Number of protein chains: 4
Amino acid sequence: MYIRDPIYGNIEVSDTELKIIEDEHMQRLRYIRQTGFAYLVYPGANHTRFEHSIGTMQATKELAENIYSKDDLFTYMGLLHDIGHGPFSHQSEPIIEKYLKKTHEKLGMDIVLRSGIKDIILDSGVSLKKILECFTDKDGHNIISGTLGSDRIDYLLRDSYYTGVAYGIVDFPRIKSKITKYKNKIAIYEQGVSAAESLLLARYFMFENVYMHHAQLIAAKMFTKAAEAAIEEGELEPKLFASMKDEEAMMALSHTKSAAELVHKIQDRKLFKRVYNNAIGDADAPSIKELESALSRKGLGANDYIIETYSMKLPGGDIDVVDRNNAYIGKLGSISELVGTLVGKLGSKKMLLIAVDHNFIEKASSAIKPILAHNA
Amino acid sequence: MYIRDPIYGNIEVSDTELKIIEDEHMQRLRYIRQTGFAYLVYPGANHTRFEHSIGTMQATKELAENIYSKDDLFTYMGLLHDIGHGPFSHQSEPIIEKYLKKTHEKLGMDIVLRSGIKDIILDSGVSLKKILECFTDKDGHNIISGTLGSDRIDYLLRDSYYTGVAYGIVDFPRIKSKITKYKNKIAIYEQGVSAAESLLLARYFMFENVYMHHAQLIAAKMFTKAAEAAIEEGELEPKLFASMKDEEAMMALSHTKSAAELVHKIQDRKLFKRVYNNAIGDADAPSIKELESALSRKGLGANDYIIETYSMKLPGGDIDVVDRNNAYIGKLGSISELVGTLVGKLGSKKMLLIAVDHNFIEKASSAIKPILAHNA
Amino acid sequence: MYIRDPIYGNIEVSDTELKIIEDEHMQRLRYIRQTGFAYLVYPGANHTRFEHSIGTMQATKELAENIYSKDDLFTYMGLLHDIGHGPFSHQSEPIIEKYLKKTHEKLGMDIVLRSGIKDIILDSGVSLKKILECFTDKDGHNIISGTLGSDRIDYLLRDSYYTGVAYGIVDFPRIKSKITKYKNKIAIYEQGVSAAESLLLARYFMFENVYMHHAQLIAAKMFTKAAEAAIEEGELEPKLFASMKDEEAMMALSHTKSAAELVHKIQDRKLFKRVYNNAIGDADAPSIKELESALSRKGLGANDYIIETYSMKLPGGDIDVVDRNNAYIGKLGSISELVGTLVGKLGSKKMLLIAVDHNFIEKASSAIKPILAHNA
Amino acid sequence: MYIRDPIYGNIEVSDTELKIIEDEHMQRLRYIRQTGFAYLVYPGANHTRFEHSIGTMQATKELAENIYSKDDLFTYMGLLHDIGHGPFSHQSEPIIEKYLKKTHEKLGMDIVLRSGIKDIILDSGVSLKKILECFTDKDGHNIISGTLGSDRIDYLLRDSYYTGVAYGIVDFPRIKSKITKYKNKIAIYEQGVSAAESLLLARYFMFENVYMHHAQLIAAKMFTKAAEAAIEEGELEPKLFASMKDEEAMMALSHTKSAAELVHKIQDRKLFKRVYNNAIGDADAPSIKELESALSRKGLGANDYIIETYSMKLPGGDIDVVDRNNAYIGKLGSISELVGTLVGKLGSKKMLLIAVDHNFIEKASSAIKPILAHNA
């Protein structure tokens, strides 16, 4: 059986894989956008975790070809790795982690164990224990979630394709042919350094232009603020929230007292406007409490603004580079000056974003100015 | 201002165009899938009427360049032409036409007149009357909805891109450069016949492989059956239905008694299975009533099956072909043998599709066999 | 070892395949353009038989996957199938066949037998006899040269890519997954009919727009006329000509007395201009002799014009279509109305092209008019 | 009139532009490969300076749209900028500069002045003086040859397309919309920094993977060594050499005594093999004379090896970045840490490549080892 995919052409699907895909929890991913609210910036970005999951399965198979003998463990993990995602993928994570104390990986484990997928895996002969380990053991499944892993390769290619930006187009054929194993971890041959650099840079540019585009961050923060308010007011059950689809969550919130206004603004794309979006040093980072007080003094209510700190998280320097004979040469971060710069200077940059309802732009600007003066 | 689009790169948007796009009725199109339930067959087909509307605006501008002086009338019409669509675009049309007696074009007119868009147009100096004429006058706005119009060019390119099939890739640059006007209608130069043929064939292949893929037709019919039941039972208001977004409609239906079961099956992708999907002659077309009775006698309830007749509607033969000196040569359908075949034999083919819940496949097959024997 | 190709990404190459590729006769194909003189119309069409040969090898492997167990015979044949081509590929064929009485397939056999490739094949264990059979047995190697064969798939995709036209983009993934064997021949499943139709139409459109573009035909005929003159005058040895590369042949001809003028016109792209290019019926086909006399009477020398008759050769209707259970349904040409039209009406159309030096356009037009009046 | 191009679709060409394109000196560029000998590594890289020249014209027009009123000066310069290139483009430059003391820009000026192009320009009303200035004034024509210029944009996109590598895919739509003028020079808006970074990185990756691929460098050096030998022996006239096409030069050299052997090795792709290819510090750079003596002592003749030093030349840091109000912010190289790294550390890296005939690999390796020990 084949599934048509714009990135890989036809993806061949085995009977067991098809059974997993047909499970309602996998089908649910059809209704969860891959890139959160990026569709409000890039109208084409309506692609979902469903396509990405099937794509990651395919990329896992292709990557694994050169380093493992065929291993369904990795294939199934590629397919299942995002099954625990809440509405709008990463955008609901802060809420879910705050109220359920669980990562999406942990929620994924729970789903596998309580759904029909458990039996499908048991029937297939793959160790359920290993699958569950994979969900949490960051190191074990790095063919999927690692620096050069299939998850990343798929989302960079896919997010570029659907947004229409060129930044994330990585050289998958080259990476595939230059990847290897060193001390049981994914490593890269020296001749693949350029392809690895290019992948890490592609990810950086996608962060800059898509994932951390200010409008996507603003919409996402408006959404989590709405969800938080609804939960705090007892109008939304956190566990239920975690299991919702994108539009299900939006509609549930639109029927609450506490969150309706914020959510309608997202739906009609009346997003808050930036009044500040800059790097802040650690030393003189402004206190969020202080900013909130200043905005409050100017008459802004809790639902009139968002304040968000964020950073890039650009790891990737620690992948091993080996020569033709599989002898260790060094870490990618030290061999490549570009990766060094990326991981070092850019990866640690801390950003502050403040946005307000369009009626409060001037008031907010003057309120925050004195506090942020030294960050200008 | 620019909007990024995978098909055209950056689309430039004027202030007036932006104001129209920002209207809530245009924003609503972000939540209406372009190709109905095709996403259940082609996982990437989550693109929306929103992208398509902006794309049609752009294609209109590019097409018009060679035949009109710049005319905002056509630009705005390209943008607005689908604003009246109900949930899942064409899939809700039969229901809306049945209960509201209005086409989506007529609903689009209503929206323009009662929304802020009316004033935006009045301010821009474009004749509101002409805009409204465009919504209904099939002939007048054929740069958008005609055989070689921008609507068609955009959806073929876009639907191919998002589904990942190659069938709809038309030669837009060539069509653009070979289109002209003859007796105030869009015509094509002789040297553009090949490009025009190719477009009509692309459309045929997209019908065959996407728009009329059996699983998309089955899901669509399950959806309209659900909506019809809910309306008949007084659980859904037709006018409200027409204004809903895709997932809004699905959720509304999932909360009704009459439609919940069918809708949950769509959501979990437990679609009915084909038991018949073939061409039927006009003469010996089986009566749907007869088929329903036969299925009913075997114990199938109204929500256990769908029966759908459909055909391709492949017009396009009547576009004028002219020579270099704009002298008339003939109609495309008679000049091109391929278009002749397409419009003639294939365009008039009537199809019958019967699908049932997977529990009833055998019973249904034996029930319909005698009735359809002469069509096998 | 991998070879980078824009169509398939990275093509994996085995040691034996690499040895064949490294042979000087395969390397020679780097200097023979895939689409003859089409580069004078489509500036990007500088791609060569070398890339096409490697691509055909890859397409053969992918196609064969579903129908044969791995078989190096077909792989090597895919690689070698064009090794006998003369300068500008098909454009030199009439000359070579006239003077050497050999097809390019027969010349390919000769090259294999007298070169190092023979030993490479013998060492590999593949039957040399079977390879040689493949070169001539049209029926035996139809996975390569057949209706849905790898040769055709590769050249349609490749020629579209390099020319930049969209016409030849066939749905290779779909064809691959729907191809099968019936009575030991390549057949197609019913569900693949649409993909097969699309391939045959793609080929038709490429004929119309690229392979039979009048300027490419004119340049090609100017070239063969030059070569013929040089051979007749004893200034060019036919066997040597057959072994030349594109530019080698052009330069050799440019140093002859008889052909220099024509060849310089091609090099500077001073191509003859069309005065006639239309379908001619069999019944009233004008005599070429008569046309030549008429032109001669107006003062045109042999090197001032070209007269070329050509047709499309659009076979493909005889491929077998089978159902899911591999039971015979019918021939593609009768099942598909489009293929029927293509093979029937369009495939048999005979065309006449007359072009002359730009100084003779008016004289030539008036000379041929009376003769061709009934074909206008 | 339109020219079909895979990068931009249809390129519109005015009458004057067409006249320039039809000139024999522009037509000659059809026979000069854009990326020298890269086709020996990437089989698809047969694209020529001709396509690139037309593409650069188109990119110039698109870039200029936002910063100049339409100016044919830049359009013509885009078209003409490479008209002076010798065989294999940049690969023949060292020879031409050594013997003719002229850059390809200077040779381009000469061609314009002595050919029909001069009159075409005079007729068009564009100042011939300004065109000639453009050829040499690095600063004046930076919309073409500058950091974000059309030349670079076209070759990155084009070389990526034809080689099939993803590295050079720059975000042209974004650059186009974020480019501006500051103090009469091309500058970039702050929001375009990411696109500018991406372009400079794309160029770096193309250097690493294509332009400075060791096999392309080896073939190029074998070619210049052959040309140098032939010139020194009086078998090749430098001025004639500069005016040759790729294959014309190869064939001319293949008929000399001094160069035939090297040239046949390139034609049959029997390239020298790397024995050294590493960065060398300035301080302890080995003397080429010393290396030559060492190789000579081991029995290697002048035609058995090549020694080449090369570096990346990665300027681009000095472009001005301005804010929305066109106020100066800083130089790109200081604002972007990635560009800083690129220009600083990577741009100044000096490389040494030594390659020898495959019969001498061991001898050569042992000969150079002691000399290069401190660079290992």
Side-chain angles (χ1 to χ4, degrees), chain A residues 3-11 21-34 38-55 158 160-166 209-210 213 244-252 254-255 264 266-271, chain B residues 3-11 21-31 33-34 38-55 158 160-166 209-210 213 244-252 254-255 264-271:
Chain A
I3 292 175
R4 176 56 64 114
D5 181 80
I7 311 299
Y8 311 95
N10 261 357
I11 296 179
I21 290 171
E22 286 180 343
D23 182 89
E24 62 185 300
H25 296 90
M26 284 298 297
Q27 291 295 319
R28 171 182 165 271
L29 298 181
R30 287 183 185 274
Y31 305 93
I32 294 181
R33 288 179 185 84
Q34 169 71 11
Y39 77 99
L40 293 172
V41 183
Y42 297 99
N46 297 303
H47 56 302
T48 71
R49 290 280 150 185
F50 183 74
E51 297 129 90
H52 167 60
S53 296
I54 294 168
R158 190 170 302 279
S160 289
Y161 188 87
Y162 285 93
T163 55
V165 302
N209 291 285
V210 179
H213 187 283
M244 281 175 167
K245 304 168 187 176
D246 286 4
E247 294 308 311
E248 202 180 354
M250 290 297 279
M251 258 168 276
S254 77
H255 295 132
H264 289 148
I266 299 174
Q267 287 172 328
D268 296 344
R269 210 193 178 289
K270 308 284 179 216
L271 303 182
Chain B
I3 293 176
R4 175 56 65 112
D5 181 80
I7 310 300
Y8 311 94
N10 261 357
I11 296 178
I21 290 171
E22 285 179 343
D23 182 88
E24 61 186 301
H25 296 90
M26 285 298 297
Q27 291 295 318
R28 170 182 165 274
L29 298 181
R30 288 184 184 273
Y31 305 93
R33 288 179 185 84
Q34 169 72 11
Y39 77 99
L40 293 173
V41 183
Y42 296 100
N46 297 302
H47 56 302
T48 71
R49 289 278 149 184
F50 183 74
E51 296 129 88
H52 167 60
S53 297
I54 295 169
R158 190 170 301 278
S160 289
Y161 188 87
Y162 285 94
T163 55
V165 303
N209 291 283
V210 179
H213 187 282
M244 281 175 168
K245 305 168 187 175
D246 287 3
E247 295 307 312
E248 203 180 353
M250 290 297 278
M251 258 168 276
S254 76
H255 295 132
H264 289 149
K265 282 181 182 167
I266 300 174
Q267 287 172 328
D268 296 344
R269 212 194 176 288
K270 308 284 179 216
L271 303 182

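Remember, predicted model here, so these are calculated numbers, not experimental data. Chain letters run A, B, ... following the sequence lines, proteins first, then strands; residues in each count from 1.
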Query raised in the report: Taking C-beta and beyond as the side chain, do Glu247(B) and Met250(A) meet within less than 4.5 Å on heavy atoms?
Result: no
Report summary line: One option among Met251(B), Lys270(B), His47(B) has the most heavy-atom pairs under 4.5 Å with chain A, and it is Met251(B)
Query - Distance in Å, Ile266(B) CD1 paired with Gln27(A) CD, rounded so as to fall on 0.5 Å steps - result: 12.5 Å
Query - Region of Tyr39(A) in contact with chain B, defined by heavy-atom distances below 4.5 Å - result: both
Requested in this report: With sequence neighbours excluded, tell me which residues meet side chain to side chain donor-acceptor pair (under 3.5 Å) with Tyr161(A).
Outcome: none
Requested in this report: Identify which part of Arg158(A) has an atom lying under 4.5 Å from any heavy atom of chain B, answering side chain, backbone, both or neither.
Outcome: neither
Requested in this report: Return the set of residues passing side chain to side chain donor-acceptor pair (under 3.5 Å) with His25(A) (not counting sequence neighbours), or none when no residue passes.
Outcome: Asp23(A)
Query - Arg4(A) side chain reached by Val165(B) side chain, heavy atoms, under 4.5 Å - result: yes
Report summary line: So, the part of Leu40(B) with a heavy atom under 4.5 Å from chain A: the answer is both
Requested in this report: From the options Arg33(B), Gln34(B), Glu51(B), select the one residue that forms a side-chain hydrogen bond (donor to acceptor under 3.5 Å, both in side chains) with Asn46(A).
Outcome: Glu51(B)
Report summary line: Heaviest contributor of heavy-atom pairs below 4.5 Å to chain B, chosen from Thr48(A), Ile54(A), Ile7(A), is Thr48(A)
Report task. Kindly compute the distance separating CG (Asp268(B)) from CZ (Arg30(A)), expressed to the nearest 0.5 Å. Result -> 11.0 Å
